[in-house]
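As structure tokens, the structure follows; a few thoughts come after it.
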Number of protein chains: 4
Amino acid sequence: MLSSPSAKSDLKSHPSAQTQTLCDRLRDSRQLSLKLAAPLSDEDQTVQAMDDASPTKWHLAHTTWFYETFVLKAHLPGYAPYSDDFDYCFNSYYEAKGDRQPRARRGVLTRPPASEVREYRAHVDKALVRLFSEGLAAAASDPVGALIELGINHEQQHQELLLTDILSLFAQNPLRPAYRQPQPRPETFVAADMPLRWVDFAGGIRAVGHEGPGFAYDNEGPRHEALLRPFRLANRCVTNGEWLSFMEDGGYRDPMLWHADGWATVKTQGWQAPGYWQQHEGGWHQMTLEGLLLLDLRAPVSHLSYYEAHAYAQWAGKRLPTEFEWEVASAGYAPGGNDLSANALRPRPADAPEAGRLAQLFGDVWEWTGSAYQAYPGYRPQPGAIGEYNGKFMVSQQVLRGGSCATPGGHIRATYRNFFFPHQRWQFTGLRLAEDLA
Amino acid sequence: MLSSPSAKSDLKSHPSAQTQTLCDRLRDSRQLSLKLAAPLSDEDQTVQAMDDASPTKWHLAHTTWFYETFVLKAHLPGYAPYSDDFDYCFNSYYEAKGDRQPRARRGVLTRPPASEVREYRAHVDKALVRLFSEGLAAAASDPVGALIELGINHEQQHQELLLTDILSLFAQNPLRPAYRQPQPRPETFVAADMPLRWVDFAGGIRAVGHEGPGFAYDNEGPRHEALLRPFRLANRCVTNGEWLSFMEDGGYRDPMLWHADGWATVKTQGWQAPGYWQQHEGGWHQMTLEGLLLLDLRAPVSHLSYYEAHAYAQWAGKRLPTEFEWEVASAGYAPGGNDLSANALRPRPADAPEAGRLAQLFGDVWEWTGSAYQAYPGYRPQPGAIGEYNGKFMVSQQVLRGGSCATPGGHIRATYRNFFFPHQRWQFTGLRLAEDLA
Amino acid sequence: MLSSPSAKSDLKSHPSAQTQTLCDRLRDSRQLSLKLAAPLSDEDQTVQAMDDASPTKWHLAHTTWFYETFVLKAHLPGYAPYSDDFDYCFNSYYEAKGDRQPRARRGVLTRPPASEVREYRAHVDKALVRLFSEGLAAAASDPVGALIELGINHEQQHQELLLTDILSLFAQNPLRPAYRQPQPRPETFVAADMPLRWVDFAGGIRAVGHEGPGFAYDNEGPRHEALLRPFRLANRCVTNGEWLSFMEDGGYRDPMLWHADGWATVKTQGWQAPGYWQQHEGGWHQMTLEGLLLLDLRAPVSHLSYYEAHAYAQWAGKRLPTEFEWEVASAGYAPGGNDLSANALRPRPADAPEAGRLAQLFGDVWEWTGSAYQAYPGYRPQPGAIGEYNGKFMVSQQVLRGGSCATPGGHIRATYRNFFFPHQRWQFTGLRLAEDLA
Amino acid sequence: MLSSPSAKSDLKSHPSAQTQTLCDRLRDSRQLSLKLAAPLSDEDQTVQAMDDASPTKWHLAHTTWFYETFVLKAHLPGYAPYSDDFDYCFNSYYEAKGDRQPRARRGVLTRPPASEVREYRAHVDKALVRLFSEGLAAAASDPVGALIELGINHEQQHQELLLTDILSLFAQNPLRPAYRQPQPRPETFVAADMPLRWVDFAGGIRAVGHEGPGFAYDNEGPRHEALLRPFRLANRCVTNGEWLSFMEDGGYRDPMLWHADGWATVKTQGWQAPGYWQQHEGGWHQMTLEGLLLLDLRAPVSHLSYYEAHAYAQWAGKRLPTEFEWEVASAGYAPGGNDLSANALRPRPADAPEAGRLAQLFGDVWEWTGSAYQAYPGYRPQPGAIGEYNGKFMVSQQVLRGGSCATPGGHIRATYRNFFFPHQRWQFTGLRLAEDLA
């Protein structure tokens, strides 16, 4: 279904928040989740492949629980919850909302069946529409609308996870199933290699972080000043081909390139290549949402841990950008590119940009930055359960920027801060090099 | 479906090997597996709830792979295997048959889908029929027939596991799903309590183990002489009510009753009651294949580890029977009773037997014996992969006897030796007391 | 000190219980522990190298605590315990005697210092002498004497452990320290290879187990009848040279030879040879109490797990003896041989015995039997804490017979049952082959 | 020895680098390690109480190996290494220097004995003196002198660890040994409580990091500009008494105060109080280097993880300072205070400072900051093994500032960056509150 022309154009059409009503955007967002789940059997949707990942069905239900808990129960008079049991089943990590199914045991929930989760979604969707028809919500600027806006963004995050989590499941299956059949690649895929060039940026005091009318997560603010030194960014991400050079030069065997924790992980995990890489019939392949494919040497390398991204930068004699360098550099670029709405479902080789311009800022792969994930000056989590959204993860993780090929269209922005632990690599994660301007 | 009258009578009719052809028995056995899986969704059939348990789908496929591997590939000329991948997916532990999906990762196999596993079964079943129609097999006495007989028995073991494994899955689900709706209990269930009486047995040299024309596993032989001392057996199994007395007397808090390993397990696992027991609305319940039910105090206690069975016997001032005592005592009792064909799906209170007779020998619960699982004198595993069936588990496990409410009709016999590790308790496992005759 | 002629003769002189008073035997036993510890620094005596092993200092203190707890506090009026803290520090596993230092944390007890442990020993020894001088104990036949006899035997067990535990520590040290300097080998060490020959034994009903006036552990009785089939035993243990043949034939690579648990252990532990074997400068060596020595191909192979012993027997087309076969075969052999009093501290090549006679029955290596460690018919543990001595370990372990080069002289006898888990191999453990007599 | 007046004055006298020759400072530093070890038996010096800690003996040897490896082998012609084996035994984590004893197995090294480690120290000390007498080193400004300066600072770090590691060992001992007898407390200890007051600081661009002639680690530079917002710091650290209020208010039971990882740690570790706190005879005590002492409510709380420090700040409605706030605020304060040279060996209540002044900046407890440990702009590790000193740990850890009661005199400075993982709390670690200036 995803591969049909109409489905494809559906995924593509992400009119901006400006031109679509909140109610329409909510409806489209709710439909997108079902579209993403459609190629999967109920079995595929139920299993949890690793502790970090969740079943498709759980994503579908949890995003629904989020609306039920934070919007409907609080703001729709007379709302009848679908089931008393679902608080326990589908709460993710909100301590303020009580006990819950342990994260690593989400995959034992063969009941409720996927069909009932779809009914649950319909039940909640119907109630959400009532919020609009009864005038309790209208736009993101009103209090309930703001919660719905948060719900849409929350579900977009889970749409991305739905795809990365199903990939983690299929990658463990000896049959190497494809989420969809491989697509013919568009013209851009056969462009000649784009050489790596550097783009210079001045230093100085720069305002960073979100401020203003559009939606952003609390962790993107407050907007504040940061002091930058002159720097340069590579005009594109590191490619699979370049990564092979790193590997051939012994990158995974030289401890001097690695953080101590990274080297320990290389040893205990036996890492010799990025995630999902397999040597098969003599050549390197990578498990993708289109099954096991021959490695595209010109595409951005993906499924890297922070440890690997850092080691590569050491090897290259460069460094990772800070999150503020990335944010400042992205001024003048509209979000978009190879995100989920482009329907490529994997990183693509970069088109050659104009001189002095950057490619692949948005979409393709999340770019690891050298910045630890911490609170901005003046940050305060929101009160109550909603306040558990971001702040409680602000330790031991690194910031990533720019979104990936699995990030829903319209979800990303220049101030967006994603974060993962340094060893995690089941997301579409890569890197772009930076260096100081002498 | 299982609860329909016809299905029930299907489960009940297990004509003996004498009166049914091998081909008919094969067909019935293959159908029984599908009937047992029928109440389960494809989701239910896919998930693995713990390392010891396997998904229903995997049981359905593995029992089919067994026939394909050991019968069809070897003995049906021109047989076309269903899929080259299934050797990897559905081999259980046969080292001689190559690498396989790791046991603890059987639950990631959302593909092949359950529907394809059913096709796989149909494909193999059709080929098995050809063995008979082409005269390559006729009865258990011919070489190929002997393998089919082994296949039937092998599948019966997995039929029992299918039920205990789905119970282990449902017991972890906060919705407490029922495999089937609770059945009205037959007359025998409301009989008054049966008092515990002792039955005496003489000692002497006795022949034990299997010998003769009927099917038996290799671990049941060779038949040999064993020296017994005079002993007594309780005329029924220990009941839930008696177990409550043990608990109330501090059974789970007194280390002097336990093996050192057992006590350590009590501490690390936090055991305070048998498996699947839950205190709920003020009373003890147990998770069963019919959902969470109030504990039946007169029914045999079930889901015990060997450690618990031993501790109870210590507390009672008695001991567990040896496997040979059990076997000798069972002479004169026909297998049957509350096994799967009785369709109770849980242990039932004992009917009062005649004086000097034993109740509940077969069916209800596997009875832990005090005998370690070891080779009989003169035992030799069969050559080749088939030889991996039993012998390689002959260390660190204890023998259980008699079958349970989940054991398929016709599967059990007096010489049958089941075995589990002393900490395991997800099977229908209980105990019967013994003591020396002074 | 151990290598001085006088020390050696001290270790050798183990007059039988008949010719020495209990008081003398107690004194000698207490002195032997100190002699065994003498070559070790206080540092060596303090560290715990693995969970299964205990520090020398702990052995010295625990054996003393045993006397204080079970003898002096109960039977010497006015006895003043050395320290209230030592109950916690030096109880091993007696639940009836209260909480204790966790087994795996015995090595953090740098206090009390070794010097104080020696004072503790002197304090207790003095009080023990008072038992005799005050007429409260005289011989093993009186009640207190019986406890002292148990204490002597208990300490002998720890004397053996002291040696095997210090070897486990030194084997982890990159400096490969020697407990003592290598001794010149006596004549018997240069004897020509002794070919393996078989000795036949008749079957029948045989009495096994201990009975009578001498000391034995409770697990050696009651004496009872066992039914044996005709069998043969190898006239000596399997040698290092034979083990090399097993290795060269792929013994550690062929899963068909192993128990399933054993094969899993081979894989997870990376076993490719017996314990303490190292390839060094091109040849196989073994870490011994005399440091890293070139492997003696004619000596009994040692530091085997039960899994390995069983795999070898499979490979050889033989089996392990049962514990009763071993016991019956040992009739007519006096305990002794290469035990601790011989002061070799490692297994020695066998001297050629007369035809029809067995070598190496006692001493050299503990011989794994095919018998699980279980209670004899009619066995009852003693009441109270003393009853925790043996019975609570009667699950999941295998019986070994015959003692080793580290077993104190006079400690072993034909009915003696040692037991270890099938994966353990830090003791001097080997095997002797058996087979059925057709 | 440490408690004797002269030893005490020895610990106190730490003339600055300006007034003492490098050679004298080296000698004093080497002697200090031996003085710190002097109250400990060889047994105490050998054992490793947990993976994070190292034995005293290992610290003594490793600091010596550091000189041998990086100074003597490279720069003293004809230097004869003490032992070829010590590279393996006493390398800590320098991958460039080859394989080494695994960190968690440092405690099995009962050999070499402590006495030999002392000889090793003497051997190396003698050779170090030769560097000076032969004119190969003179001052920290020459190349070899710079390495010696690094060696002194390296050894100072291990002097602090020696104390915190021995405390971790003694805290596990049921005898609760004291490193030294409790000292009479000086006048300052009986001062009245010092109320918490705030000190304001302006924002702006401020230079941070080390630059100039004195010694600093590579991770303290390059000096660079940082942008600060106006802020306030508490004039002293949080006290034990304040921490008790947090505990009594349910601090360890309210997940909303904690990072998600912190809350998980509280649950799995069962934390209910800071490290080494024990309830004893009705009151809170803490295990210290002077044994188990009643908690001093006015002293800074110590043995906190970062998670705890953060949770407290959340509870107090404040935050932790950033490392740059701390550094800027410390301008105008000379290092010193209650560090090791004060010989208190534990945090002391603050003296009341002048208005607008900060107490306890240096010494007492390391203060957790809200800053992740990362490279400063322009940071490059030194080439070679020395470059492994700091850079490879720049992930997942938090910066601490100011030194503790166990930090050797003269070791700390305003730019000094210590770092630990957020769960670690065996060091003397506490916190000081901060907040934004509106």
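Please read these numbers as outputs of a predicted model, since none were measured by experiment. Here is how names work: the chains are called A, B, and so on, in the same order as the sequence lines, proteins then strands, and each is numbered from 1.
- Considering only heavy-atom pairs separated by less than 4.5 Å from chain B, the leading option among C:E435, C:M394, C:Q314 is C:M394.
- For B:I205, the part lying near chain C is the side chain, with the backbone staying farther off; criterion is any non-hydrogen pair under 4.5 Å.
- When heavy atoms are compared at a cutoff of 4.5 Å, B:E388 approaches chain C solely by way of its side chain, counted from C-beta outward.
- Taking C:A104 as the reference, C:D51 meet the side-chain contact (heavy atoms from CB on, under 4.5 Å) condition, with sequence neighbours excluded.
- Annotation for B:H259 and C:G391: closest pair CD2-O, 3.9 Å, computed over non-hydrogen atoms.
- When all heavy atoms of C:A372 and B:A372 are compared, the pair lying nearest together is CB-CB, 3.3 Å.
- The heavy-atom pair separating C:G378 from B:D436 by the smallest distance is CA-OD2, 3.5 Å.
- Contact of C:F421 with chain B is made through the side chain alone, with heavy-atom distances under 4.5 Å.
- For a residue to count as touching a neighbouring chain, one of its non-hydrogen atoms must lie under 4.5 Å from one of that chain's; by this rule B:R319 does not touch chain C.
- Looking at B:Y306, the atoms closer than 4.5 Å to chain C (heavy atoms on both sides) all sit in the side chain, from C-beta outward.
- Annotation: side chain of B:Q374 is in contact with side chain of C:Q398 (closest heavy-atom distance under 4.5 Å).
- For chain C, no part of B:F231 is nearby; none of its heavy atoms comes within less than 4.5 Å.
- Atom-to-atom distance recorded for C:R229:CZ and B:E225:CD is 9.5 Å, nearest 0.5 angstrom.
- Within a 6.0 Å radius of CZ in C:R380, other residues, nucleotides and ligands contribute 12 heavy atoms or fewer.
- Looking at B:A375, there are no atoms closer than 4.5 Å to chain C (heavy atoms on both sides), in backbone or side chain.
- Contact check for B:E95 versus C:W263: side-chain heavy atoms found under the 4.5 Å cut-off.
- Within the 4.5 Å cutoff, side-chain heavy atoms of B:Y307 are placed close to those of C:V395.
- Only the side chain of B:P422 comes within contact range of chain C, with at least one heavy atom under 4.5 Å from a heavy atom of that chain.
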